[in-house]
Amino acid sequence: MIDHITVATTNVEKSRVFYERAFRPLGYVIAFGEDNIFWAFRLDNGALFEIRAARGDQQSVTSTHVAFRVRSKELVDEFYEAALSAGGRNNGEPGLRPHYRADYYACFIYDPDGHNIEAMIKTEAW
């Protein structure tokens, strides 16, 4: 199991507000952090999703894809709406993705830095 994932952002506080609003339906909340440096969100399995300031000596922020497995199709839908209202951009409306597998239901949102954030559910293991 993954303990934590960290993605770089060009504006930590803008991304914090985005994720606070987008994660509200999923129950993910800030565990700890530091203004303009980083924020860690506690996921429902005890793992962390972290955002941090891109460092000046690094190349520009590159796109990342992170998928959050949720407990219901309704939570996929709620995440999608919350993320859009928080300023996210559509990258795939909620729906079945039979090209992945018959029971795969997901949505995709671009966060403020262009990271592709997914909420998904499937009924069986890979």
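This structure is a prediction, so every number in the text was calculated from the model and none was measured.
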Shortest non-hydrogen contact from [X] toward [Y]:
X    : Y    : answer
P25  : A22  : CD-O, 3.3 Å
V70  : A119 : CG1-CB, 4.5 Å
I2   : A47  : O-CB, 3.4 Å
G114 : S63  : O-OG, 3.3 Å

Problem set entry | Pairs involving residues 86-95, ordered by first then second residue, that meet side-chain hydrogen bond (donor to acceptor under 3.5 Å, both in side chains) (sequence neighbours left out) | Y80-N90, N91-Y110, N91-N116
For this session: Not counting sequence neighbours, list each pair that qualifies as a side-chain hydrogen bond (donor to acceptor under 3.5 Å, both in side chains) and has a residue in residues 26-39.
Result: E13-W39
From [X] [atom1] over to [Y] [atom2], what is the distance, rounded to the nearest 0.5 angstrom?
X    : Y    : atom1 : atom2 : answer
S85  : R24  : OG    : CZ    : 8.5 Å
Y105 : L75  : OH    : CG    : 11.0 Å
E78  : S72  : CD    : OG    : 7.0 Å
R97  : F108 : CZ    : CZ    : 5.0 Å

Starting from [Y], can I reach [X] by hopping between I/L/V/M/F/W/Y residues whose side chains sit under 4.5 Å apart?
X   : Y   : value
L48 : I30 : no
I51 : I37 : no
F38 : Y19 : no
L96 : F79 : yes
F32 : I5  : no

Exercise. In chain order, what residues pass the salt bridge (charged side-chain N to carboxylate O under 4.0 Å, His left out) check against E20, with sequence neighbours excluded?
Worked result: R16
For this session: Test F41 against V29 for side-chain contact (heavy atoms from CB on, under 4.5 Å), laying out the working first.
Result: CA-CA 5 Å; F41 293 84; V29 296; 5.8 Å; no
For this session: Would you indicate whether the side-chain heavy atoms of I109 and F18 approach each other to under 4.5 Å?
Result: yes
Exercise. Taking only residues two or more places apart in sequence, or in another chain, which ones meet E118 in a side-chain hydrogen bond (donor to acceptor under 3.5 Å, both in side chains)?
Worked result: H65, Y104
Exercise. Which residues pass the side-chain hydrogen bond (donor to acceptor under 3.5 Å, both in side chains) test with T123, sequence neighbours left out?
Worked result: D103
Exercise. Would a line drawn from the ring center of F23 to the ring center of F68 be shorter than 6.0 Å?
Worked result: yes
For this session: Check for a donor-acceptor pair, side chain of H115 on one end and backbone N or O of A8 on the other, with a separation under 3.5 Å.
Result: yes
Exercise. For residues 42-51, which residue pairs qualify under salt bridge (Lys or Arg N to Asp or Glu O under 4.0 Å), counting only residues two or more places apart or in two chains?
Worked result: D44-R71
For this session: Take S15 and D113, measure what side-chain contact (heavy atoms from CB on, under 4.5 Å) needs, and give me the verdict at the end.
Result: CA-CA 8 Å; S15 289; D113 287 290; 3.4 Å; yes
